[in-house]
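Presented below is the structure to which this report refers.
Chain A is the first sequence line, chain B the second, and so forth, proteins listed ahead of strands; every chain is numbered from 1.
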Protein chains: 2
Amino acid sequence: MSPVKVGLLGFGVVGGGTFKVLAQNAEEIARRAGRKIEVVAVGALNVDTVRELVGDNVLVTSDAYEVVRHPEVDIVVELIGGDTIARELVNEAIARGKHVVTANKALLAKHGNEIFAAAHDKGLMVAFEAAVAGGIPIVKAIREGLTANRIQWLAGIINGTTNYILSEMRFKGLSFNEALADAQRLGYAEADPTFDIEGVDAAHKLSLLASLAFGIPVQFSKVHIEGITGLAKEDIAHAERLGYRIKLLGITRRCDQGIELRVHPTLIPVERLLSSVEGAMNAVQVNGDMVGPTLYYGQGAGELPTASAVVADLVDVTRLLLADPGHRVPHLAFQPGAMADTPILSMDDVISSYYLRLRVDDRPGVLADLARVLANHQISIGSMFQEPHGPADADIIFLSHEAREGNVNRALEEIQALPFVKSHVTRLRVESLL
Amino acid sequence: MSPVKVGLLGFGVVGGGTFKVLAQNAEEIARRAGRKIEVVAVGALNVDTVRELVGDNVLVTSDAYEVVRHPEVDIVVELIGGDTIARELVNEAIARGKHVVTANKALLAKHGNEIFAAAHDKGLMVAFEAAVAGGIPIVKAIREGLTANRIQWLAGIINGTTNYILSEMRFKGLSFNEALADAQRLGYAEADPTFDIEGVDAAHKLSLLASLAFGIPVQFSKVHIEGITGLAKEDIAHAERLGYRIKLLGITRRCDQGIELRVHPTLIPVERLLSSVEGAMNAVQVNGDMVGPTLYYGQGAGELPTASAVVADLVDVTRLLLADPGHRVPHLAFQPGAMADTPILSMDDVISSYYLRLRVDDRPGVLADLARVLANHQISIGSMFQEPHGPADADIIFLSHEAREGNVNRALEEIQALPFVKSHVTRLRVESLL
């Protein structure tokens, strides 16, 4: 069979990696796909540099539309990122009847519903394995591997930068700022790390995973997002003492009243596999009602791991290129006509356990007053310890049993106003992952 | 669309589980597959019991051929096991143009090449996700998720019974026989546990994984197999002291001269995720040249986890039922015309590190003599410790650097013949998994 022809938009880290993987493993890939996969056009700003890398047989142009409109291109690979130009190009590619492969989580998290609908109308595929957890085939696992299950929940370490920072804080006892500076020096964090450390990138990915797991529209705007910038190294040490590690998790769970959708630092028991995922690695645990717990682990970013997912999508699309649209896997795991409009829960209605840390005057009656406020709001304490801080203060650390977050919020407001409370109360969520 | 019609062969643990999953999650499954999946016929010996469970709309018969020949059946699900009757039934199903889903690793390990070839000739699918690592979608991950990679090696805990026994030996300090008896009492091991504890079941699965990873024929007869029956609790304790845990691993690796294919108890560093896989859980680590290390974890056996994989295959087959055969994923990951006849290495040519334990007379010169024999065979020692045993004996434990197994075998023959050696020399392999 004749080669499948690919147009590449963007030749940065992942674009360059994709070209490299296709070239280097061309034979192995063709043995699997049944035909060659060939890059025929690249859209990139640094035309001369790229031309030198890809050779004379490939059209290199700074006009990305030239790639999208190229008559020979069967599949457009969008690796530009962001949701402005990339959105226009993807829409144009679909309008022109091209299949799309993309690693762009921001784009799909915000405009995925519209993009998938347009592709569906045209009988086209939009593949996005590389948009979530880099090289780990997690989209495929949920969409095709666990189809027998009602997924109950999933929880993932889906941002390598923050996991690297948290690992460094724990192993070396660094503060957040020190660990961030190290991560930037070593290339694990960008110069402007906001999207990573504030949890936005994880939320992009989580909104896609929730859609795949539950058959709901992509709803990035409804994700509750907390990043790791407020984490003190003390909290990491206290958590360790209690038998927990702190990870930035994306969590989505099906409950009676709706679906939880949240990204925040989370204490998880050291016995769980997820707690041993260190450095820039990613992992996602998915619990199905039939299969029980499953976990998927690998590199969540980087040139070649991300390109591995892009190229896997290219092989998938190649295998199904000429199949009629009815025989393809639906974009969001469920058939478009079978999507559900399950409500996303307000954070107030989420049930969790809580880690609380606060500094108080070290005098009699303080603990009794705190315990009374918590009890008044139906919050019961699982474990607790106190550490002196200087001559007159003490740090108190509580681990609660399960409670409604709305109750915890109201209790914390009251506690914060108590005269003997001398610090902001740190509140972190605890998940058993069982 | 009209429902897809399934004939079920066998209604034991997995067969019953498959029926249960299809019934209980019928709606969720149809939302994904785009049409209903319906069991119309069951072949089972206990006809009356099964009839009560499946209701009047399903044909229940003790003649399995009646199911295979049933004109309405689109997909035959073979859950009988073994390689006699099951083989005949699968061949008959293919001859009659039915797609097949099976959990039967013994059958595919021994007769997979012939079965896949027959199915290919007829344009039929034979899906076998449930044959390896139960509910974990590892077949799909390798066959479709990692297609961009030259797989370098994979190593898996792919037998839950032996992993449960090894976990119990470690946690409770039990001997192998004590842990096996516990496992049998609790249903984690069968009355005749031979296939599990001798590594045969793991070898069945490994031969399938190697084929998927490297594009080679299924070659069960060439797997080097050692089980866990010879493991002493002392070895587990010594390994722990050296920073390792002992797991029964199936390992396959691509080297310059060919492919390693081996199942044996293996020391792995405690820092590796695989070393934390406890109880009856399974996990497989797959390293690709582009993606790096990836790992897949979940329940490797049991009614519902295995049925989860069977039903995922049913959804896959349903999605592609009417697609032309050219647009399906090849059975063994690579196109039939692109399989390679890479040689399987003799164990003598495998390079590994080794753990050695032996009892000796506790007198001067012993260590020097041992070290000389090892050095003569190009085996160098990484670490070593000695423990007194009674008044006149000592146990010596060596951890070697990498060596050729053939050299180790010859060195061990010489050592075994030394006059001061008072025990059989225990030899275990050590893998860094890097």
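Of the two parts of B:Leu321, only the backbone, made up of N, CA, C and O, holds a non-hydrogen atom closer than 4.5 Å to a non-hydrogen atom of chain A. Using a 4.5 Å cut-off between heavy atoms, B:Ala340 contacts chain A through both its backbone and its side chain. Both the backbone and the side chain of A:Glu28 come within contact range of chain B, judged by heavy atoms closer than 4.5 Å. Using a 4.5 Å cut-off between heavy atoms, B:Met339 touches chain A through its backbone atoms (N, CA, C, O) alone. Proximity to chain A (any heavy atom under 4.5 Å) is shown, for B:Glu278, by neither the backbone nor the side chain.
Along residues 144-153 of chain A, the residues that come nearer than 4.5 angstrom to chain B, judged on non-hydrogen atoms, are A:Glu144, A:Gly145, A:Leu146, A:Thr147, A:Ala148, A:Asn149, A:Arg150, A:Ile151 in order of number.
A:Glu271 meets the side chain to side chain contact (heavy atoms under 4.5 Å, CB included) test with A:Pro269; sequence neighbours excluded.
Remark: A:Leu322 CG to B:Asp324 CG distance equals 8.0 Å, nearest 0.5 Å. Separation of atoms OH (A:Tyr297) and OG1 (B:Thr294) is listed at 10.0 Å; rounding is to 0.5 Å. Remark: B:Ile29 CD1 to A:Met290 CE distance equals 7.5 Å, nearest 0.5 Å.
Panel note: side chain B:Arg319, backbone A:Val329; no donor-acceptor pair is recorded below 3.5 Å.
When each of A:Glu303, A:Met281, A:Gln299, A:Arg328 is scored by its heavy-atom pairs under 4.5 Å with chain B, the top score falls to A:Gln299.
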